[in-house]
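Structure first, commentary second.
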Amino acid sequence: MELKLAAHPPFSLSSVVFSHGWIRLAPFVEDKATGGLRYVLRLRSGRAVDLAITEADGGVLAATDAALGPDETAEAGDAVTWMLGLDQDFSAFYERCRHEPKLAHAQGAARGRLLRSATLFEDVVKTLLTTNTAWSGTVRMNAALVDLYGEPATTDDTRRAFPTPAALARTSVEELRAGPRLGYRAPYVLELARAVDSGELDLEALKRTELPTPELRKRLLSLKGVGGYAAGNLLNLLGRYDFLPVDSWALKMVSQEWHDGQAVTPADVEAAFAAWGEWKGLAYWFWDWNSAS
DNA sequence: GGTAGACCTGGACGC
DNA sequence: GCGTCCAGGTCTACC
């Protein structure tokens with residue numbers, strides 16, 4: 001199957017792929033040969049297909065060796081559109097950037113889109129795995145979850161999809177501690193998986209909700225293990241940029257950028273980008289920091 | 001509303 | 001090789 005998908009201009013696949021660290025988290029894989037990426041997508045039919053996504057004129061080409069029916073093809077197209085934010089329009093953000101040298105590169109480099117997973121469930125779990133650990137720990141825990149509980153791709157059983165809520169709901173806290181070594185995060189991931197699997201929690205509905213951002217943030221904060229940083233990160237992935245994912249890196253960057261290396265608080269980070277209003281998150285993500293370390 | 005301590009793991013460091 | 005310390009967000013209990 002090959003599927004051509006158009007993107008709202010300007011668009012750069014590499015800009016999305018390297019927008020943040022998600023490309024390092026399975027089942028995402030950077031495809032250095034093409035400059036694109038691969039991702040194992042689990043379809044509603046239960047099949048897992050290994051997608052190769054490359055940049056094409058005006059958008060992307062999504063291809064897989066698996067033969068897909070019309071419904072599966074449409075589902076894959078919707079998933080890729082969501083993951084890459086192909087329909088997102090950042091013209092208002094770019095207008096603001098024209099007056100800010102630190103973001104002068106944004107439009108030319110087609111900055112704005114943040115790589116996201118096929119489901120919000122996957123992005124919430126991944127965000128939980130970023131909390132209170134080094135990045136190497138996040139990569140390790142995520143890879144273990146995929147290896148242990150992910151559906152193998154139909155055409156390559158060495159590649160696996162991210163585990164479904166049902167697959168994780170069948171585990172136990174003890175198993176999630178011992179296998180993927182999630183530590184204290186195990187009960188949070190299990191509770192989330194069981195709530196989604198049972199239908200008690202419809203996370204995917206939040207992708208297109210028209211709830212005001214503060215209300216949506218409250219919903220996210222009600223999830224066990226999701227605090228201010230995690231909620232900010234998830235809001236940004238959902239296309240809501242008026243809250244920041246303030247973590248230790250943000251504190252360090254703002255300290256170096258505006259406070260001569262002196263310690264700053266989360267309130268200082270918020271204040272630094274307050275003028276950006278509904279675009280705070282994007283200004284933060286793509287700011288040309290004095291120190292990129 | 002603000003704060004302290006616990007949670008868990010891996011990496012850095014000293015011995 | 002072993003033990004200790006620390007970093008990384010969130011939760012809970014307490015004030």
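So that the names make sense, note that chain A is the first sequence line, chain B the second, and so on, each numbered from 1.
Taking the six-membered ring for Trp and the full ring otherwise, A/W285 and A/W249 have centroids separated by 6.0 Å or more.
A heavy atom lying under 4.0 Å from DNA chain C marks the following residues of residues 180-188 of chain A, by number: A/Y184, A/Y188.
Checked against C/dT12, C/dT10, B/dG10, the side chain of A/K224 finds its nearest nucleotide in C/dT12.
Place A/N132 and A/V226 on DNA chain C by their nearest nucleotides, and A/N132 ends up nearer the 5' end. Comparing A/R177 and A/S136 against DNA chain B, the residue whose closest nucleotide sits nearer the 5' end is A/R177.
The CG atom of A/N142 sits 16 Å away from the C1' atom of B/dT9 (whole-angstrom rounding). Between A/L190 atom CG and B/dC7 atom P the separation is 20 Å, expressed in whole Å. When rounded to the nearest whole Å, the span between CZ of A/R140 and C1' of B/dT9 equals 7 Å. As rounded to whole Å, 16 Å separates atom P of B/dT9 from atom CG of A/L128. Atom CD in A/E191 sits about 13 Å away from atom C1' in C/dT10, given to the nearest Å. In this entry the distance linking CE of A/M141 with C1' of B/dT9 reads 8 Å, nearest Å. If you measure from atom NZ of A/K252 to atom P of C/dG9, you get 12 Å, rounded to the nearest angstrom. Residue A/W135 contributes atom CH2, which lies 18 Å from atom P of B/dA12 at whole-angstrom precision.
Among the protein residues, A/L223 comes within range of the sugar-phosphate backbone only, with heavy atoms under 4.0 Å from sugar or phosphate atoms but none that close to a base. Contact annotation for A/S248: backbone-only contact, meaning every heavy-atom pair under 4.0 Å involves sugar-phosphate atoms and none involves a base. Residue contacts for A/G225: at a heavy-atom cut-off of 4.0 Å it reaches the sugar-phosphate backbone alone, with no base atom in range.
With hydrogens and angles ignored, the 3.5 Å screen pairs no side-chain donor or acceptor of A/E278 with any backbone N or O of A/R240.
The pair A/R159-A/D50 meets the salt-bridge criterion, with a side-chain N (NZ, NE, NH1 or NH2) lying under 4.0 Å from an Asp/Glu carboxylate O. Using a cut-off of 4.0 Å between Lys/Arg side-chain N and Asp/Glu carboxylate O, A/R24 and A/E30 are scored as salt-bridged.
Partners of A/D71 according to the side-chain contact (heavy atoms from CB on, under 4.5 Å) rule, which considers only residues two or more places apart in sequence or in another chain, do not exist here.
Annotation: A/D202, atom CG; neighbour count of heavy atoms from other residues, nucleotides and ligands within 6.0 Å is above 12.
Checking A/T81 against A/D78 by side-chain atom types alone, no donor-acceptor pair falls below 3.5 Å.
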